[in-house]
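First comes the structure, then the notes that go with it.
Nothing here was measured: the structure is a model prediction, and the numbers come from that model. Below, read A as the first sequence line, B as the second, and so on, with proteins coming before strands; counting in each chain starts at 1.
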Amino acid sequence: MVNNEKVRLMTRLAIYENKNGQEDMEVANYFRSDYIRHEVLKTIVAVTFGSLILLAMVVAYKLDFLLDNALDLNYLLLGKWILAVYLTLLVVFVAITWIGYRVYYQRSHQRLNRYYRMLTKVRKLEEKEDRQNDMIEEWGE
Amino acid sequence: MMLLFELRAKVTSIYQKYDFWINLALRFLLLFVTYSRLAKMLPYSKTLCKSPAIIAIAMISAFLPPSLMVVVAALYVCFQIVSAESAILALTVFALFMICYCFFLRFTPRQGAAMIATPMLQSFGIPYAVPILLGLFGNLLAIVPMCCGVFAFYTIRFVRENIDSLAKYSLKSDPQKIFISVLDQLLKNPAMYVTMLILALVIIVVYLVRRINMDYAFEISIAVGTGVMMLGYIIADLRFDMGIRVAGMVFACLISAGVCLVLLFFVRVLQYAAAERVEFEDDDYFYYVTAIPKVKAGAPKHKEKKVIRRRKTTDEDDDDEEYEEAALGLIDYSNKAAEGLAAVKGKAKAAPIEEEDEDDEFGDDIGELVIKPKKRLETRVGDVAGEAAAGSAAKAPAPAAKAAAPAAFEPAPKAALEPLKAAPVANAADSALFEDEEEDETPKPAKKTSGKTAGKSAGKSAGKSAGKTSKGKSAGKNASGKSAPAEPVPAAPAAKKSAKPAFVDIDDDDDDEDEQVIYGYFPEGETSGQNGKDSIEDEDYL
């Protein structure tokens, strides 16, 4: 006989799996520090790539000036400026990533905890069913 | 108003049946309009401008995740520009889009639709609804894709207006001039930044106002957001001479606010109305479950009040009104309930238990009620409709001092609470998934009734009344009904008035018993095991 309570729980579990479950389980494969590092690394790559495009565009924009003053430019200072801008961008975006994904990981972890608690409930229901079936069999005998 | 509620109920039921296809169709429609608009703004490639090509691209994009949708749209723009024999310009635009993606869109991969809708609506001259909707249904992160959308719109508009002159540079093999020209005219355009600022401000204001814990927060946020937007555009026009026609802008803003209100009316329900189809198995069965979220529309508050006043004929009006307020959460219900209990206890013990005619639907007597003050107070989150429905429900259990069947009376007060919880719809969706778990920590409102009582009753119970059928069922049906005889006095006042009630029992137990009642009880005809399909319901899903 179908156990309605179990169906209800399992339905909720299945809905969760369809919605956030897969993402949450992927996240749960990592320790929090590893997960955040992974995302920070992706951010570093993206920011570096974006910064390179930005630098290329600035160079193209100022190409006339750069060619005219190619011999007089203080390349060390220029390099420091570029590095400073890049590092500033990097720090800002890494900080945003670190905070954002930390919060995301916590929420994901909470959802997954509830999911496992419900799984435990289902397991207990099944055990109860088994016990009842055993009892019925015993009485039958 | 009821017509609108009925219309919404119809739309909801249709959406529940075909939610996947409707979502897909809406996405396709958005993309089709976007690509059609792009084809009109940048008509350089004959192939890409043909309707079959647009339909094909829109159809393919509709199946892609939102972040890829944006990438496809960006590539479409670049290909159009390349077709105008301006590869350098296309490269420049592509580089700008890439910078947007690397720095900003990477953090909001799911909000690609906002990024696409913003420039599309802006090209029609009506970007006003977008920030309000994003503030209503999104979060503050929506500012990022919206600003990128504004940037994309100004980029495309710049390309359209300057493509001829820029193509001329290209022919002369002077790519740097194209570059400088693009960056100068595009990035030194104050109108773009001002537009971004105004729209971002509107999102922030709408988001903050709608989160305030007050009645009609969503509607007020729309009004405030519209006001901020109009004010912002007027100031910006005066300061930066953006060439805005103020009268037209104000009119468009008001139309946008109206559109947002209509969408709010439907979307707030539809957001949580999509049916879930899941499959799973255990040792014995395969389950193919369609979980349909319960979405109920209660009757408007003022209508219920009219009914209430018609019923008042006795001297106890003052008392009743107090309890009506208590039922609506305006005063501390638990105190009143306790008073009622204290008043009735002595009488109840002495009074003989009398059976009443089941057809006495308006009787003042209460059989056994389970009053859960804590839970009742929590249901204050309900909206107007829910409160109104609660008003009509309180009297429903009245017919009975039937001590022999206490369970028959129990559903009524719970049924009274059902709409309070259900109507705002905000409790559905993700948070509802684990409601069982949360029940352990914070007691939920006693919103469950035996079998399919309150949950099913929203639209059905107009003509039904308490006591006409078996009591548990009818009481529940009246709970959120439209014209149920109403006297929102729960247990205590009725008990004060009469010595007939057998007893009143205040029960602070948890909901365990309720759950057993719910899931174990199916009214006749509601389930059938013959075809292998059963229906189970809880507070969120059917």
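- Residues A:Phe93 and B:Phe104 share a closest heavy-atom pair of CZ-CE2, 4.3 Å.
- Under a cut-off of 6.0 angstrom, the local environment of CD in A:Gln106 is crowded, with over 12 non-hydrogen atoms contributed by other residues, nucleotides or ligands.
- Closest heavy-atom contact between B:Cys102 and A:Ala46: CB-O, 3.5 Å.
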Return all side-chain donor-acceptor pairs below 3.5 angstrom for residues 47-58 of chain A, not counting sequence neighbours, or 'none' if the list is empty.
residue	atom	partner	partner atom	Å
A:Thr48	OG1	A:Ile44	O	2.5
A:Thr48	OG1	A:Tyr86	OH	2.7
A:Ser51	OG	A:Val47	O	2.6

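- Closest approach of A:Thr97 and B:Phe107 over heavy atoms only: OG1-CE2, 3.3 Å.
- Residue contact with chain B, scored on non-hydrogen atoms closer than 4.5 Å, is absent for A:Glu17.
- Residue A:Phe65 places its CZ atom among 12 or fewer non-hydrogen atoms of other residues, nucleotides or ligands, all under 6.0 Å distant.
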